[in-house]
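Working notes, structure below.
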Amino acid sequence: MSNHLIVVVPGIGGSVLARLGDRDDVVWDAGKRDIGDLVVRPKRMSVNEWPRLEPIGLTRSTKLLGFTIVAGYERLLASLGAFGKIDGHGDPKRPVLGADVVVAPYDFRLGVVDAAKRLDAVVNAHFGDVSEAERAGRVVVVAHSLGGLVARQWLGVMGRWRWCRSLITLGTPHRGAPKALDWMVNGVRVLGAPLPWPTRLLREWTSVAELLPRYEAVTDLTAGRAVYPHELPIPVLSTARAAYEMHLEIERAWTEMPRGGPEVVACLGWSHPTPDAATWDGTTLTVTPTAPAWLDRTGWENDFGDGTVPAISAVPIEMSNHQNDLIRLRARHVPMVDTPGLVALLTRYRQRRDVGWIRGEEGTAAIGLDLPEMHAVGEPIPVTVHLRQVPSDVSRHPVFATLTPSGDDLAEPVEVTLDWAADRRLFTGELPGQPEGLFDVRICARAVPGAGDLSAQDTIAVVGP
């Protein structure tokens, strides 16, 4: 075994799942048919129907998990190939001997505690008969989104922090995400129309409840105060209290950890409008990207999020006063798995050098992209763009939006020029409606005075009734 074992822990939807005992019967993977397959056969992902599925690897391409776009890890794994042999299955019963990089897939429906046990089995299998003393500081974990909570549970609550040199989290909702609260309470919707099948699924999954805000994110107008999600009298939030307790247990474990514990590098998106809080009037829950006055954002006034996770939520509790140790990125939530500089960061660990030189993208100009994940077949696709921290007047500067079918390198992009909305001081426009499928949207503003070329990209899903 080389000096460090790099362990990749994916986010929700990032693991390939097969029927237990039959690895050839793949239930969830990265195929183009996934949108239609879950519509036709949603019970294949139901915990009530199938209490456990077998994780057999990481998904390779971006796709729709019924209620949200999830990442593919093909490019990340390709870049990590520079560090040596990759175990791309993460099967604790059949580890790839001598692997330098190992993936740690898990049944993402079942929640953080179950996934952490699987992670422990995977790492133990790769260590084999290596002594406890020799394991110290040997692991570097790269975790995306929910995977960061899984790693925190493993390192903190399960006590494996002694094995770890560093934990790198990419867009992890350490303090939860109001977007998940919207999913659970209001259901999955496209143009206001409910989608019953993904809503039923996500309400079954422990993992979705564990994505709920673990702070007082809701203004309860009936009580006249801010409350936690588990304090709301909403039946579909019956699992929210247990999820909150899970977060508290992780927090306690990391607070009690000796100062010699693993380094945490929290990477967060900062420039994109992101659901941040909610209001409850006794009947309706409304989630908004506008933070209320009572939500203390001192020092975070210019940090928004990655479109899914608010910037401040992507920071572990114990790092609240360590803003200089954070890495702010221009990426949105899903593209964050291909973070530039990650290989350089891991190389520094291999060379036993500190990472203080790694710079984020704070203080630089960036695009803030407001783009819903899901759209109805044939309906125009609204796009809103902010140019953040640009020192010059941008009102006359052209900003373009292009749309291309995901995975189709030969398709001709559809391009539109966005219009300046002076009253809102942003750019807005519409891309033409599309058939069902996944589409990549890219925003470009070239040669912006004082900022240079700016771009942002994300993937959207177009779904039928």
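Since we're looking at a predicted model, the values are computed, not measured. Values below: all heavy atoms of this structure, side chains included; hydrogens, waters and symmetry mates excluded.
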query: Distance-only, no hydrogens or angles: does the R175 side chain make a donor-acceptor pair with backbone N or O of I312 under 3.5 Å?
result: yes

task: For the residue pair E204 and S46, confirm or rule out a side-chain donor-acceptor distance under 3.5 Å.
output: yes

For G90 against P92, the heavy-atom pair lying closest together: O-CD, 3.4 Å

message: What's the separation between atom NZ in K63 and atom CG in L438, rounded to the nearest 0.5 Å?
response: 9.0 Å

query: Quick check: does any side chain N or O of T288 sit under 3.5 Å from a backbone N or O of T290, one acting as donor and the other as acceptor?
result: yes

task: Please answer whether the main-chain N or O of Y106 pairs with a side-chain N or O of S15 as donor and acceptor at a distance below 3.5 Å.
output: yes

statement: In short, C267 meets M336 closest at the heavy-atom pair O-SD, 3.9 Å

- prompt: Does one side chain, of T255 or E318, offer a donor that lies under 3.5 Å from an acceptor on the other?
  reply: no

- prompt: Side chain of S313, backbone of V309: donor and acceptor closer than 3.5 Å?
  reply: no

query: When you measure from the side chain of E436 to the backbone N and O of G464, does any donor-acceptor pair fall under 3.5 Å?
result: yes

message: For a salt bridge (charged side-chain N to carboxylate O under 4.0 Å, His left out) check, start with the C-alpha distance between R52 and D114, then their side-chain angles and the critical distance, and finish with the verdict.
response: CA-CA 10 Å; R52 187 169 293 276; D114 187 86; 2.9 Å; yes

query: Does R328 make a cation-pi contact with W300, if we ask for NZ or CZ under 6.0 Å from the ring centre and within 45° of the axis?
result: yes

- line: Output for pair (H144 NE2, L58 CG), nearest 0.5 Å, gives 12.0 Å

message: Do P316 and W254 have side chains that approach each other closer than 4.5 Å (heavy atoms only, starting at C-beta)?
response: no

query: Do the side chains of I168 and L346 get nearer than 4.5 Å, heavy atoms only?
result: yes

query: Judged by atom type as modelled, is there a donor-acceptor pair below 3.5 Å linking the side chain of H272 to the main-chain atoms of G269?
result: no

query: Is L329 close to W270 at the side-chain level, that is, under 4.5 Å between some pair of heavy atoms?
result: no

field: Rounded distance [0.5 Å steps], CE in M45 versus CH2 in W197
entry: 10.5 Å

message: Any side-chain to backbone donor/acceptor pair from N124 onto D120? Under 3.5 Å, distance only.
response: yes

field: Rounded distance [0.5 Å steps], NZ in K85 versus CG in D87
entry: 9.5 Å

- prompt: Strictly by modelled atom types, are T219 and W294 linked by a side-chain donor-acceptor pair under 3.5 Å?
  reply: yes

message: For D458 and R332: C-alpha separation, side-chain torsions, deciding distance, then whether salt bridge (charged side-chain N to carboxylate O under 4.0 Å, His left out) applies.
response: CA-CA 7 Å; D458 209 349; R332 281 172 67 86; 2.6 Å; yes

message: With a 4.5 Å cut-off on side-chain heavy atoms, are R160 and V123 touching?
response: no

- request: Verify the neighbour count for atom NE2 of H230: are there more than 12 heavy atoms of other residues, nucleotides or ligands below 6.0 Å?
  value: yes

message: Is it the case that atom CZ in R75 sees more than 12 heavy atoms from other parts of the structure closer than 6.0 Å?
response: no

query: Does R388 make a cation-pi contact with F304, if we ask for NZ or CZ under 6.0 Å from the ring centre and within 45° of the axis?
result: yes

message: Is there a side-chain contact between H174 and H247 in this structure, where contact means two heavy atoms from C-beta onward sitting under 4.5 Å apart?
response: no

message: Between R297 and D303, does any NZ, NE, NH1 or NH2 come within less than 4.0 Å of an OD or OE carboxylate oxygen?
response: no

- request: Apply side-chain contact (heavy atoms from CB on, under 4.5 Å) to the pair L369 and V383, showing each step before the final yes or no.
  value: CA-CA 8 Å; L369 175 57; V383 180; 3.9 Å; yes

- prompt: Under 4.5 Å between any side-chain heavy atoms of L146 and V112, yes or no?
  reply: yes

- request: Could you give me the CA-CA distance, side-chain angles and deciding distance for R118 and E54, then say whether salt bridge (charged side-chain N to carboxylate O under 4.0 Å, His left out) is met?
  value: CA-CA 10 Å; R118 172 80 183 197; E54 184 174 359; 5.4 Å; no

query: Looking at W50, is R19 sitting on its ring face, NZ or CZ under 6.0 Å from the six-membered ring centre and within 45 degrees of the normal?
result: yes

- request: Please assess I460 against I69 for the test side-chain contact (heavy atoms from CB on, under 4.5 Å), listing each intermediate value before the final yes or no.
  value: CA-CA 7 Å; I460 62 170; I69 299 291; 5.8 Å; no

message: As a quick check of understanding, evaluate salt bridge (charged side-chain N to carboxylate O under 4.0 Å, His left out) for D91 and K93, giving each step before the final call.
response: CA-CA 5 Å; D91 184 346; K93 297 178 181 178; over 6 Å; no

Non-hydrogen atoms of I56 and A18 that approach each other most closely: CD1-CB, 4.0 Å

- prompt: If we only count heavy atoms from C-beta on, is the F67 to L195 side-chain gap below 4.5 Å?
  reply: no

task: Please answer whether the main-chain N or O of V26 pairs with a side-chain N or O of R44 as donor and acceptor at a distance below 3.5 Å.
output: yes

- prompt: For D440 and T404, does a side-chain donor sit closer than 3.5 Å to a side-chain acceptor?
  reply: no

Gap separating the OG1 atom of T283 from the CD1 atom of I234, nearest 0.5 angstrom: 10.0 Å

query: Going through the distances and angles, do F439 and V462 end up as a side-chain contact (heavy atoms from CB on, under 4.5 Å)?
result: CA-CA 8 Å; F439 296 85; V462 177; 3.7 Å; yes

message: Between W163 and R138 (side chain of the first, backbone of the second, donor and acceptor by atom type, cut-off under 3.5 Å), is there such a pair?
response: no

task: Over all heavy atoms of both residues, which pair between P229 and L181 is shortest? Give the atoms and the distance, please.
output: CB-CD1, 4.0 Å

message: Between E245 and R214, does any side-chain N to carboxylate O distance fall below 4.0 Å?
response: no

- request: Give the minimum heavy-atom separation between V7 and A104, together with the two atoms involved.
  value: CG1-CB, 4.1 Å

query: Between W154 and V141, is a side-chain contact (heavy atoms from CB on, under 4.5 Å) present by the stated rule, with each step listed?
result: CA-CA 11 Å; W154 178 63; V141 181; 4.2 Å; yes

- prompt: Are the side chains of V70 and V334 in touch, meaning some heavy atoms are under 4.5 Å apart?
  reply: no

Non-hydrogen atoms of A217 and P213 that approach each other most closely: CB-CB, 3.7 Å

- line: Rounded to the nearest 0.5 angstrom, the CD-OG distance for E74 and S79 is 11.5 Å

- request: Check for a donor-acceptor pair, side chain of E231 on one end and backbone N or O of Y228 on the other, with a separation under 3.5 Å.
  value: yes

